[in-house]
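Letters A, B, ... mirror the listed sequences (proteins, then strands); counts begin at 1.
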Amino acid sequence: QKEVEQDPGPLSVPEGAIVSLNCTYSNSAFQYFMWYRQYSRKGPELLMYTYSSGNKEDGRFTAQVDKSSKYISLFIRDSQPSDSATYLCAMKDNQGGKLIFGQGTELSVKP
Amino acid sequence: EADIYQTPRYLVIGTGKKITLECSQTMGHDKMYWYQQDPGMELHLIHYSYGVNSTEKGDLSSESTVSRIRTEHFPLTLESARPSHTSQYLCASRQGSNQPQHFGDGTRLSIL
C-alpha cells in the first residue's frame, strides 16, 4: 500500500467552478504538507505549505489538513483555464525524512 | 524563491552514450535532490545530497551517479545510457530541515 494516495483524475470542470483535490495518507508521523502545481513540460511549483491542522488560504487557493483523518485537500475557487495543470500533494515527517509525493491529479478547466 | 536551473531541457541520444544532466541553484541551499518522474506516476527520489562531498542513494534504484563538489552544482551522470533510462529527471533544492523543496523545470531524456 502506498503511503500517499491521490486520485489521478483526469478532472475536467467549467471555468468558475470550485475544485477540490484530495490526498489520503497512512503515516501518522507526517507533519508537513505541500501542494505543488506542475504545468506541462515544467517542474513542480510550490503552491501551498502547511504544518498544522486546519485551513490555510492564499488568494483563490485553500489548503486543508485533517491529521486525525489523515486527509488533506486543496480547494480552488473561481477556477480559471490557467489553473489547468497537474496538482501534486507531498508530505514529510519532522525527523529529516524524505518527501513523499502523491501521483498527481490532472485538472482541466474549460472556458 | 529558489532559482534552480537544469540543462539540457531535452535530450535524445543513442544507447551506450555517457550522459551528464546538469543542475545548478543560486540560493546557497545545502540540500539537493534528483527525482525521476514518469507520466501519471509519483516522483521517485533517486539521489540526494546534504552538502559538499555528501551524496546518498534514494528510494528508487538507479544506475546513475551524482557528485557534489560545489554547493551550487549537483550533476547526474549515466555512464552508458539505455532505453530503460528514458524518463523526466527533476532536480530540487531546499534550505533547512523542514522547508519545502523547490524544483527546476527538468530534463526530458529519451534514449533510442
| field | Ring-ring centroid check A/Phe33 A/Tyr49, cutoff 6.0 Å | value | no

| request: Please confirm whether B/Tyr50 and B/Tyr48 have ring centers closer than 6.0 angstrom. | output: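 B/Tyr50 vs B/Tyr48: aromatic centres under 6.0 Å.
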
| task | Determine the option with the most heavy-atom pairs under 4.5 angstrom with chain A, choosing from B/Gln99, B/Gln6, B/His44, B/Gln37. | result |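 Ranked by contacts with chain A, first place is B/Gln37.
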
| said: For chain A, which candidate among B/Lys31, B/Met41, B/Glu42 shows the most heavy-atom pairs at distances under 4.5 Å? | reply: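 The candidate making the most pairs under 4.5 Å is B/Glu42.
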
| said: Pair B/Ile4, B/Cys23 - check side-chain contact (heavy atoms from CB on, under 4.5 Å), show working. | reply: CA-CA 7 Å; B/Ile4 183 163; B/Cys23 176; 3.8 Å; yes

| Atom group of A/Glu45 that falls short of 4.5 Å from chain B, counting heavy atoms |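 No part of it gets close to chain B.
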
| field | Portion of A/Tyr36 that has a non-hydrogen atom of chain B nearer than 4.5 angstrom | value |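 The side chain, not the backbone.
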
Chain A contact via [X] - which portion, at a heavy-atom distance below 4.5 Å:
{"X": "B/Leu43", "answer": "both"}
{"X": "B/Tyr35", "answer": "side chain"}
{"X": "B/Gln88", "answer": "side chain"}

| Counting only heavy atoms not in B/Lys57, do more than 12 fall under 6.0 Å of its NZ? | yes

| B/Ser49 side chain vs B/Gly51 backbone, donor-acceptor pair below 3.5 Å |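 Checking the backbone N and O of B/Gly51 against the side chain of B/Ser49, a donor-acceptor pair under 3.5 Å is found.
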
| request: Using the six-membered ring wherever Trp is involved, compare the ring planes of A/Phe101 and B/Phe103 and label them parallel, tilted or perpendicular (cut-offs 30° and 60°). | output: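 Taking B/Phe103 first and then A/Phe101, their aromatic rings stand perpendicular (interplane angle over 60°).
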
